[in-house]
Amino acid sequence: MQLIGPGGDGEDPCLHGAQGEAQVVADAGAEPLDLEVAIAVGEDGQQVEIGTPGLGGLHAHAGERHPLRIGHLTGNGLALDQGREAQVVRGVRRRHRPYDTPTVPSGPPPGILEISMPAPLVTRVAPSPTGDPHVGTAYMALFNYCLAKTTGGRFILRVEDTDRTRYQEDSERQITESLTWLGLPYDEGPDVGGPNGPYRQSERTDIYRAHVQELVDGEKAYRCFCTAERLQEMRHAQRARKMPPGYDGLCRGLLPEEIEKRLADGVPYVVRLRVPKDRKVGFEDALRGKVEIDGKEIDDQVLLKSDGYPTYHLANVVDDHMMEVNEVVRAEEWITSTPKHVLLYEAFGWTMPTFRHMPLLRNKDKSKISKRKNPTSLLWYKDHGYLPEALVNFLALMGYSGPDDNEIFSLEQMLADFDTSRMSTSGPVFDMDKLGWLNGEYIRMDSEEALADRLIAHWAYRASIGAEPNPEGDGPLYDWIFANGGFASETVKAFILKTMPLMQTRIKTLEEYAPLGRCFFLDDVAGFSAEDITPKKRDLDGVKAVLKATHDALAELTIFDTASIETCLRGLVEPLEWKAREVFQVARVAVTGSKISPPLFESMELIGRDETLARLDAALALEA
RNA sequence: GCCCCUAUCGUCCAGCCUGGUCCAGGACAUCGGCCUUUCAAGCCGAAAACACGGGUUCAAAUCCCGUUGGGGGUACCA
C-alpha cells in the first residue's frame, strides 16, 4: 500500500476522518479484498486503520477504485509522507463498537492497496467580535471544519478585532463558547493557542506594520494623506457626475520630499494598495469557477488605517499566509474584494490559497440575513431551546445535500461522506419552520433520560444568565424546581423523567416544555373561564354536574393510576348521557387549566389524586 | 449607476458536468384523510416548480447566447 499525502517533519500525523481513494493493486490470492477495516502498516512499523465512508465494509477487486477514509490511528501514529510505502497486513472483521481498536489476527496479508489522499486543508473561520455570535459564523465554521477534518488538515479560529470602534468586550468569549456548544472545535485559536499565534489580530499589529513597510518599500503600496473631508467631497463630486466612486489617486504620485515633509509634520496618513489599472485580476473559485475583475474597477484599497490598525484585506492575507491557511472558505460577500487579496499575495510573492465562496444565508425576502428580520444570534437559539446538533444539521442543509434523500444526519455522518461537489452556490433562505421541525426530530431521537437531562440543563442555563422568564410557564416550573431541591435534585429529575412519555412528542424546542407542562407544576390552575370549560351546546349547570360526578367517582378509586382513571371516567359517560370527548374536555380544563394539554389520564396520575380532586372541586365554584 | 455572483415547487435540496430513463424526485410548510380524550407524534394522500426569449439537436430542466428577476460589492466595517 502506498500512502500519498500529508505528513512530514513534526506534523501531527493524525488523519482521523481523512478521505481518499483506494485501488487494489494486488490481491493475496484470487479472492477479492473483503474487509471491514484494514490495518495498514508503514515502513516504520506504525499502524493506521482504514475504512470506507459510513463505516461500511471494503470489498474490493483488483483494479477497482473505492472511496475510503482513515478511521483512526493505532500505536503512535503513522507519518504519511509522500510516496511512503505501506502495506495492508490484515483485514479485520469488525464485531465491536466503531471506535474500538481492532485486533490484528495472524495469517497471510489479504492484499495490497494503493491509496491516494488529497492534500490536507488548513482552513479558518475569522469572525469579528462586534456583537452577538452570528449564525453566519457557525455556518462558515461548519464547512471550514468539514474541509479540514476530511483531509487531515487543521481548522483555525482567528479573531478579527481590528475595528476598534465596533469592538465588543464579551463577543470573543461568546464566539468560542458558541463554537464549543455547537461541537465545532478548532485546532488553533486565541484561547487554545497554536504554533502560528497570536490568533487575535489586535495583537499582531507589529506584524502588519512590517508587512506594510515591505509593500511601501517595494512600491506596491503608498502613503495617502488625504483627509476624510477631502474623500467625502471627492465621492460627492463623483456621484454628481455619475462617475464610479473610488479613490482618485491624488497621493499616488507624491514626491519623496513631499512625503518626508508631511511625515515630519506629523500629518496622519493611511497606506493604500497601488492597484494596477491596466489589467484584469482574477482567481479560480473552487465553487464558482473563474472570476475576473478589471483593475479599473478595483479601488486603491486602504491597507493600514491612520490609527495604525490594518484593514481586513491586509490582515486577512498576511494572517492566512502566516497561519498556513491554504483554502479560504468564506461568504459570497467577499468575492468582489478577492482580487485585492490576489494582488497582495502577488505583491508579497506568496502562494495563493484556494478560494471557495459560500452563498450568503438569506432572510425571507432574500436579502442577506440580518437581525432585524431573523434571529441571528447563536445565543438566541441556545436560549430558546434549540439543540446544537439540530442547528448544525440545519445549517448543513443550507447549500449542501447528503449522498441520498436523507436530511437528518449528525456532524460525524456528514464528515463520513462529505463531498465538496455537493455544495451549492445559490443563497438559501433561512427557514425557521424547517429548523423547528428538525429540532423536534432531534428531541424525539433523544432517550427519555437524555432529554430530561437536557431540559434541566437548559433551565439551569437560563437561570444562570438571568433570562427573561417565559410568561406562559417558566414561573411555576422554577418555583417547583426550587421547592424540590433545585436543578441537581434527584426528585426533580425523577419527576421530569416521568413526564417524558407525555411531553417528548409534543415539544419542538426545550423552551416549549414549560408552557405545555405547566399543569404539573402549578398550585392552582384557575384562570380559565366558564366558556372555556363548557362544550358547545352544553351549559354551566351541566358542566358542574359532570364535574361533581367526576370528582366523586375518582374519589372512590383505590388505585389512582392511568388505567383505573380511564376505566372510571369512561364509566361515567353512559349514565351522564354526554359524549366521551365532552366529559373528558370538562375534566381536562378543570384539572390542567387548559383546553390543550398532555394526555388527560396520564396527567391526572402524575398530578396525583388529592390535587386532581381539589382542582375538580375548585372548578365547581366557577360562575358564568 | 458600475462591477461581480446567482436562477428547479411558497421554502430547502436532488436531477444539469456525462442531453433521451423527468408530463421533474425528496423534505419543510399548506390542505385532506386515518389514528385519537384535547394537542402533538405517527401513517396515508393531495396541491405545488424547470424565470422568459432565442438558438444547437431527432431530442434540452440539462449545452450556447440574450433578456429579466434576485443577491452582494462599490468605507480609514468586517
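The figures that follow rest on heavy atoms only: side chains count, while hydrogens, waters and symmetry mates do not. We name chains A, B, ... by the order of the sequence lines, and we start the count at 1 in each one. Computed from a prediction, not measured in an experiment: that's the story for all the values here.
Within the structure, the ring pair (Phe, Tyr, Trp, His ring centres under 6.0 Å) test picks out the following pairs touching residues 566-585 of chain A (sequence neighbours left out): A/F584-A/F601. Each side-chain hydrogen bond (donor to acceptor under 3.5 Å, both in side chains) pair with one or both residues in residues 589-600 of chain A, not counting sequence neighbours, appears once here: A/R588-A/S597. The side-chain hydrogen bond (donor to acceptor under 3.5 Å, both in side chains) pairs that include a residue from residues 503-517 of chain A are A/T499-A/Y513, where partners are two or more places apart or lie in different chains. A side-chain hydrogen bond (donor to acceptor under 3.5 Å, both in side chains) check over residues 563-575 of chain A, counting only residues at least two apart or in different chains, returns the pairs A/D561-A/S564, A/E566-A/R570.
In RNA chain B, the stems built from three or more successive Watson-Crick or G-U pairs (distances below 3.5 Å) are B:1-7 with B:68-74, B:10-13 with B:25-28, B:30-34 with B:42-46, B:51-55 with B:63-67.
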Give me the distances for all protein-to-nucleotides 62-68 of chain B N/O pairs that come in under 3.5 Å?
none

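Partners of A/V525 according to the side-chain contact (heavy atoms from CB on, under 4.5 Å) rule, which considers only residues two or more places apart in sequence or in another chain, are A/L522, A/F528, A/R615. Contacts of A/A452 classified as side-chain contact (heavy atoms from CB on, under 4.5 Å), with partners at least two apart in sequence or in another chain: A/K493, A/I496, A/L497, A/M500.
Counting non-hydrogen atoms under 4.0 angstrom, A/R239 reaches nothing in the nucleic acid. Using a 4.0 Å heavy-atom cutoff across all strands shown, A/S597 reaches at least one base atom of the nucleic acid. If you check every strand for non-hydrogen atoms under 4.0 Å, A/M243 touches nothing. Using a 4.0 Å heavy-atom distance criterion, A/L397 is classed as a sugar-phosphate-only contact.
Rounded to whole Å, the separation between the P atoms of B/rG25 and B/rA61 comes to 14 Å.
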In residues 423-430 of chain A, what donor-acceptor pairs under 3.5 Å come from side-chain atoms, sequence neighbours left out?
residue, atom, partner, partner atom, Å
A/S424, OG, A/G399, O, 3.3

Mark up nucleotides 30-36 of chain B, 5' to 3', with B wherever a protein heavy atom is under 4.0 angstrom from a base atom, S wherever such an atom reaches only the sugar-phosphate, and - elsewhere.
-------

Give the B/S/- string for nucleotides 70-78 of chain B, one per nucleotide from 5' to 3', where a protein heavy atom under 4.0 Å of the base yields B, of only the sugar-phosphate yields S, and otherwise -.
SSBSSSBBB

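Residues from residues 501-513 of chain A that place a heavy atom under 4.0 Å from any atom of RNA chain B, listed by number: A/T505, A/R506.
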